[in-house]
**Student:** 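Questions regarding the structure given below will be posed in turn.
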Number of protein chains: 2
Amino acid sequence: MRARAAVERGVDPVGQSTADGAEDRVAEDRVAEVMDLLRARGGRASGARRVILEAMATGPAHRTAEELAEQIHAEHPAVHQATVYRTLERFEELGVVYHSHLGHGPAQWHLGENHHVHLTCDRCGAVIDADQADFEEVAAALRDRYGFSLDIRHFAITGTCAGCADGDGRDPW
Amino acid sequence: MRARAAVERGVDPVGQSTADGAEDRVAEDRVAEVMDLLRARGGRASGARRVILEAMATGPAHRTAEELAEQIHAEHPAVHQATVYRTLERFEELGVVYHSHLGHGPAQWHLGENHHVHLTCDRCGAVIDADQADFEEVAAALRDRYGFSLDIRHFAITGTCAGCADGDGRDPW
DNA sequence: GTCGATGCAAACGTTTTGCACACTG
DNA sequence: CAGTGTGCAAAACGTTTGCATCGAC
């Protein structure tokens, strides 16, 4: 299953500013907001963290830590990969970003505003963003029957997308 | 999250024969069956493969490849870890075993007869086996809305179990 | 000045691979 | 005897860690 990685790579880097000025401002606001939160929690608003946040706020919705590190490193060679990992972890503690495991590959990181569920096709690697509402029934059932509370954000779901369902019947996983 | 590993380790090795003779026979039958299937598909029924299958058929329901390799290696030092990985992969192609990703740790492998869903608690690492039926509604909804067919076997679900829900509110993932 | 964050390199745990040899059919 | 499977060692992969230094507050 290298397919997913290839798909993700295809989406790849965007500069850290888009053509759309308004979108830029939103990203800036968000960055400032998180920096404040960081300070409020006894952390430091460092340059590296600002850069990492900006990259996340303006790039594709989900990327692996490595892809992120690569992009950031290209623009800011001083920012080391280990810092990206550590910072993502820190941001996750703050509830600003999340990661999900989308099948076999490395974890995917995304900003936390948008708590959708990821459906990954194990044939072609497509990632479909599903609505969290679709899972409310199961969530309720699992809570009732097993006392188990779903973490919908971290919920990695594999299966077969519409396009690939037409192919052969072999399940590679 | 080392908790899960600890839990799994607690379940650990059983010998490759149980006290129950009948269960033994079932395992033997299953092994023979798979060996035939293997041959039918142009593969070879080697000793290593038999040993690996036996270990899977008689031990705990889900184990990591490493745990499996460890147990097998203890009884059959000739069987190398790489062979376990390769063989599991081969068996999966045959539809005999499956693996699932139960959260952050390594994949869990199990024989394929029992297609249950794994609920893993990200606090304590407990693994609850849920009924596949609980997911039929979501499965239908996802198929309708996104044309996506859930692979219920590979469905890795994280959340919080009843016991841990009483603790603090921090989500470690 | 204090303490948290960073760069760097090295280790980590899991899985995969290349190669020569061994065995199954 | 053809070709698959295996042992072994080494690499790959994604991630984490130890430590000295740097920089934010």
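Side chains are part of it too, since the values below use all heavy atoms of this structure and drop only hydrogens, waters and symmetry mates. Residue numbers start from 1 in every chain, and the chains themselves are labelled A, B, ... in the order their sequence lines are given, proteins ahead of strands.
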**Student:** Does B/T64 offer a backbone N or O that forms a donor-acceptor pair with the side chain of B/E67 under 3.5 Å?
**Tutor:**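 Side chain of B/E67 to backbone of B/T64: a pair is present.
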**Student:** Counting only heavy atoms and a strict 4.0 angstrom limit, can you tell me which residues of residues 40-47 of chain A come near DNA chain D?
**Tutor:**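 When residues 40-47 of chain A is checked for heavy atoms under 4.0 Å from DNA chain D, the hits, listed by number, are A/R44, A/A45.
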**Student:** Check B/M35 against B/S46 and note the closest heavy-atom contact, atom names and distance.
**Tutor:**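 Here B/M35 and B/S46 meet closest at CE-O, 3.6 Å.
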**Student:** Need to verify one output field. Residue with the more 5' nearest nucleotide on DNA chain D, B/A82 or B/L38?
**Tutor:**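 That would be B/L38.
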**Student:** C/dG13 phosphate, OP1 or OP2: any side-chain N/O from B/T64 under 4.0 angstrom?
**Tutor:**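 Negative; the distance criterion is not met.
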**Student:** Checking side chain to side chain contact (heavy atoms under 4.5 Å, CB included) for the pair A/F148/B/T120: CA distance, chi angles, key distance, verdict?
**Tutor:** CA-CA 9 Å; A/F148 186 88; B/T120 28; 5.6 Å; no
**Student:** Is any N or O donor-acceptor pair between the side chain of A/R86 and the base of D/dG18 shorter than 3.5 Å?
**Tutor:**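 Under the 3.5 Å cut-off, the side chain and the base do form a donor-acceptor pair.
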**Student:** Has B/T83 got a side-chain atom pairing as donor or acceptor with B/V79's backbone, closer than 3.5 angstrom?
**Tutor:**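 Not at all, since once roles are kept as given, no pair shorter than 3.5 Å links the two residues.
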**Student:** A/H110 vs A/Y98 aromatic rings, parallel, tilted or perpendicular, using cut-offs 30° and 60°?
**Tutor:**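 Judged by the thresholds at 30° and 60°, the geometry between A/H110 and A/Y98 is tilted.
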**Student:** Starting from C1' on D/dC8, measure out to CD on B/Q81 and report it in whole angstrom.
**Tutor:**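 So the two atoms are 12 Å apart, to the nearest Å.
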**Student:** Give the intermediate values and the outcome of side chain to side chain contact (heavy atoms under 4.5 Å, CB included) for residues B/H118 and B/Q108.
**Tutor:** CA-CA 10 Å; B/H118 305 107; B/Q108 300 282 326; 5.9 Å; no
**Student:** Round to the nearest Å and state the distance from A/R49 atom CZ to C/dG7 atom P.
**Tutor:**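 Rounding to the nearest Å, CZ of A/R49 and P of C/dG7 are 11 Å apart.
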**Student:** Rounded to whole angstroms, how far apart are CG on A/L37 and P on D/dA24?
**Tutor:**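 For the pair A/L37 CG and D/dA24 P, the rounded distance is 19 Å.
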**Student:** Can you say whether the rings of A/H99 and A/W109 are parallel (under 30°), tilted (30 to 60°) or perpendicular (over 60°)?
**Tutor:**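 Tilted, since the angle between the ring planes falls between 30° and 60°.
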**Student:** Answer yes or no: is there a donor N or O on one side and an acceptor on the other, between the side chain of B/R44 and the main chain of B/R39, under 3.5 Å?
**Tutor:**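 A pair under 3.5 Å: no.
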**Student:** Nucleotides 20-22 of chain D: which of its N/O atoms have a protein N/O under 3.5 Å away?
**Tutor:**
none

**Student:** Which whole-number value in Å describes the distance from B/E66 CD to C/dG13 P?
**Tutor:**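 So the CD-P distance, B/E66 to C/dG13, works out to 9 Å.
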**Student:** Counting only side-chain nitrogens and oxygens, does B/T87 get under 4.0 Å of the OP1 or OP2 atom of D/dT6?
**Tutor:**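 Answer is yes, contact under 4.0 Å.
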**Student:** Without decimals, in angstroms, what is the distance between A/W109 CH2 and D/dG14 P?
**Tutor:**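 So the two atoms are 15 Å apart, to the nearest Å.
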**Student:** To the nearest angstrom, how far is B/E89 atom CD from C/dT14 atom P?
**Tutor:**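 That distance rounds to 18 Å.
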**Student:** Is the phosphate of D/dT16, meaning OP1 or OP2, less than 4.0 Å from a side-chain N or O of A/Y85?
**Tutor:**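 Checking D/dT16 against A/Y85, no side-chain N or O comes under 4.0 Å of OP1 or OP2.
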**Student:** D/dG3 P sits how many Å from B/R39 CZ, rounded?
**Tutor:**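 Answer to the nearest Å: 20 Å.
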**Student:** For the pair made of NE2 in B/H80 and P in C/dT16, what is the distance, rounded to whole Å?
**Tutor:**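 From B/H80 NE2 to C/dT16 P: 15 Å.
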**Student:** Determine yes or no for a side-chain-to-main-chain donor-acceptor pair under 3.5 angstrom, with B/H76 supplying the side chain and B/A78 the backbone.
**Tutor:**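 Between the backbone of B/A78 and the side chain of B/H76 there is no qualifying donor-acceptor contact (under 3.5 Å).
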